[in-house]
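Report on one structure; see the data block that follows.
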Amino acid sequence: MLDLRGVETFYGHIQALRGVDLHVGEGEIVALIGANGAGKSTLLMTVCGKPAPRAGSIRFQGKELAGRSTHEIMRTGIAHAPEGRRIFPRLTVLENLQLGALTAAPEHFATDVERVFTLFPVLRQRSGQRGGTLSGGEQQMLAIGRALMSRPRLLLLDEPSLGLAPMIVQHIFRVIRDINETAGVSVLLVEQNAYHALRLARRGYVLVNGRITLSGEGAALLDNPEIRAAYLEGGARSDKAGTGA
Amino acid sequence: MARPLSAPAGTLRREVSDALVFALIATALALPFIGIYTVPATAGLRLATRLPDLVAIAGLAFVGRLGLGLARGPWAAGAAVLGLAVAAIGWVGLLPSREVAVFAIAAGLVVLIRGAMRAARGSAEPGAGRRTGADALADGAARLLPYLGPVLFVVALVLPFLPFVDRRLLDLAILVLTYVMLGWGLNIVVGLAGLLDLGYVAFYAVGAYSFALLALHFDWGFWACLPLAGLFAALFGILLGFPVLRLRGDYLAIVTLGFGEMIRIVLVNWTSLTNGPNGISGIPRPSFFGLEFTREPQPGTQSFHQFFGLEFSTLHRVIFLYYLILVLALVTNFFTLRIRRLPLGRAWEALREDEIACRAIGINPTNTKLAAFAIGAMFGGFAGTFFAARQTFVSPESFTFIESAIILAIVVLGGMGSQLGVVLAALLLIGIPEWFRELQDYRMIAFGAAMVAVMIWRPRGLLAVREPTIRLGRRRRGAPS
C-alpha cells in the first residue's frame, strides 16, 4: 500500500533521512520507533510532501507521491494526525471534524461524525466546545477523529501518546486497533512509547539517526534484546514501562 | 518608590507618599515640555516660563495618582469624590489653560469611574462569589446582544425617514456605512483568514480610480463600472497575494503596508493617467435605474423627482446614496455570513488557526490565501467605487495609510471576525469623532481615550465571541455574529 524506497530528506544541509525503505501493507498496523531526533516525524512529514524527499520514491497504492504538494497527497486517501495534535483551537470540536471532512464527499458527513463520536464518546459531549479548551487526551482524540473524517485508507499517527496519562494512552491505542480492524484502515504509527506501539503493531521498524536499523514482527522486536535495552528500560512488560526511552 | 497599580492598596500614608513621588517625576518631565517655551524676540528667541501650568500639572499628577491609588482600597468612594472635584475644577475654568483643563476633566473622570466602580463593588473582594454591578451589566448586555443586530438593521432601514434626521446626520451615516463596508471587507482578510493587511486602502483606491478613469475615458456609468472596479480590485488583491504567500504575521503586515503606499505613490506620480495629486473630478453620480437626481434633466430624459412626481430636493440623492451604501454593505455582510459555512470560508478560518494543520487536512493554502485577498479586495473596490461616485472627485489624498489604519482599527476594536463588532466599532471610531467635530482637536483626545478604554476593558475587541458555524443536531445555524 505504502512503499518507501531509498528516501533521503534534508533540512537545509542536514540530512534527516538516509535511504529509508519502509513498507505498509493493506490493513496493517506498522510502528516506527526510535529515539528523539531519529527522524520519525520527518519520515511521516516526508510522506506528506513537506519536506519533500531529495531522493528515493514514495508510492501509495501504486502512485508516486514524491514531488507532489501536501494538499494533493492528503486527497489521495492518506490522513495525518500530526505531532502536537494541531487541532484548530478557536473552532469548535464539530467544526474541527467538519474541516477534516473537507476533502470527503459531503453526504458522508453525518455518518462519519457519528462514527467518530462512537469511537470517542467524550467528543460528542464536547462538540460545541472550542478545541483549545479540551484536555490533552481529548485533543488527541479530536486530532485522530479529524483525520478519520476524510475517510482515509492510510492513517499516519505521530506520537498519539505524547504527554498523555497511561489510561488515556490505552484508550487511544484500543481505538486505533478498532479503526484498523473494523474499517480496515492501514496505520503507520510513530511512537516513542515502544512497548505499546510494538504490541499494537503487526510489524515494526526501528529508526536510528535517519536509518532503519531493525525491522520485523512487532512481537519479535519486543523480545529483541537490543530493543529492550534501548527502548524498554530493562524490558519491564508492565504499563509503567510504557513511557519509552 | 512607585509600585504597580495592581498591587493591593497600602495605608493612606503610603498612597500619599507614592503620589508625591509621581508628582515629582511628572514635574521633572513637564519642566522642559510645559514649563518653558520660547517666544520670538527682537534678537532671536527668548525663553519664557509657564509656571501656573507647571504647578497645575504637578498637582494633577499628584491628585490623579492618589485617586487611582485610593480607588483600589477602602477609600474608593473618597477617590470618586476626589475625581469628581478635579473634573469640576477643570470644568469651571479655574485652571490656567484650556489644555490643562481638558486633561483635568479627563483624569478626574477616570478616577471617578474607577473609584465608583470599586465602591459599587463594596468591600467584598472581586470573585468572592458576590455578583457585582459590573457583572450584572455585562450579563444584561450579553442577553440583549442577539437583538442588537436586528435592531440596528431596522434602524438603518428607516433612518432617512426619522423625524430628527437631517442632511448632516445622513451624510455622517453614509460615511459610517462606508467604513462598515470596508471593515466587513477587511474582516474577510484579517478576521477570517487571519492575514494581517495594513494596506487595505490600496483596494479602496483601485476601486475608486477604476470607476473614475472608466467614467472619464469611456463615459461609463456607475452601475457598469461597479462590477468592473470590483474585478480590478480583486486582481490587485491577487497581485498583492502572490509575493506574500509565504509570509506571516509581522512580515506580511510590513509588505501589505508597503503595497498600500505603492499604490498611493503611483497614483500621485503617474500624472498622465491619474492627473497626479490634482485628482480626477467630474465623476458621474449613480442613477436610480437610469433616473438622474437633477433638477433639470437633459432633454429627452426624466429625472427622479419628475418620474415620481415629487418636489425636487437634493435630499433625494443623499437618501439614495444612503440606501446604496446600505445595500452594498449588507451584501458584503451576507456574503461573509454565507461563506463562513462553505468550504472556502471554513478553510479561511482553519488557515487563521494553523497553516500546517490546514495542509494536513488537504487544504491548498495558496489558493485559499489568494481567494481571501481577492475577495476582500473586491469588496474594498466596491466601496471605492461608491466613494468616488459620492464625492464625484478622487485624489490620492483620500487613500493614505491612516485610512488603512482606521479600517484595521475598526476590525480589531470590533473583535476580529465579528460582523456586529465592526458596526459598533465603526460607529465609535467614525461616528463619534465626526459628530463631535466642534470639539476640534480635543475629539482626537477623546478618540484616543476611547481606544485605550476599549483595550483595557475589552482587550479582544468589543464583541470577541465567535459564533460556531455548525451545531450538533440542528441544521439551522445561529444568529449572525
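Per chain, numbering begins at 1; letters A, B, ... match sequence-line order.
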Q) Which bit of A:R85 is near chain B, if near means a heavy-atom gap under 4.5 Å: side chain, backbone, both or neither? A) neither
Q: Check the side chains of A:T46 and A:T9 for a donor-acceptor pair under 3.5 angstrom, ignoring hydrogens and angles.
A: yes
Q. Do you know which of A:L102, A:V93, A:N96, A:T92 has the most heavy-atom pairs under 4.5 Å to chain B?
A. A:L102
(Q) Quick check for you: among A:P82, A:P106, A:P89, which has the greatest number of heavy-atom pairs under 4.5 Å with chain B? (A) A:P89
Q: With a 4.5 angstrom heavy-atom cut-off, could you sort out which part of A:S150 is near chain B: side chain, backbone, both or neither?
A: neither
Q) Does CE in B:M416 sit with more than 12 non-hydrogen atoms of other residues, nucleotides or ligands closer than 6.0 Å? A) no
Q. Can you tell which of A:V113, A:L91, A:L156, A:T70 has the highest number of heavy-atom pairs within less than 4.5 Å of chain B?
A. A:L91
Q. B:F242: what forms a side-chain contact (heavy atoms from CB on, under 4.5 Å) with it, not counting sequence neighbours?
A. B:I238, B:L245, B:L370
**Q.** Most contacts with chain B, counted as non-hydrogen pairs under 4.5 angstrom, among A:M74, A:H71, A:K50
**A.** A:H71
Q: Indicate the atoms forming the closest heavy-atom contact of A:V185 with A:N180, along with that distance.
A: O-ND2, 2.8 Å
Q) What are the two closest heavy atoms between B:G241 and B:F373, and how far apart are they? A) CA-CD1, 3.7 Å
(Q) Counting only non-hydrogen atoms closer than 4.5 Å, does A:R90 touch chain B with its backbone (N, CA, C, O), its side chain (CB onward), both, or neither? (A) both
Q: Would you check if there is a donor-acceptor pair between the side chains of A:T76 and A:Q61 at a distance under 3.5 Å?
A: no
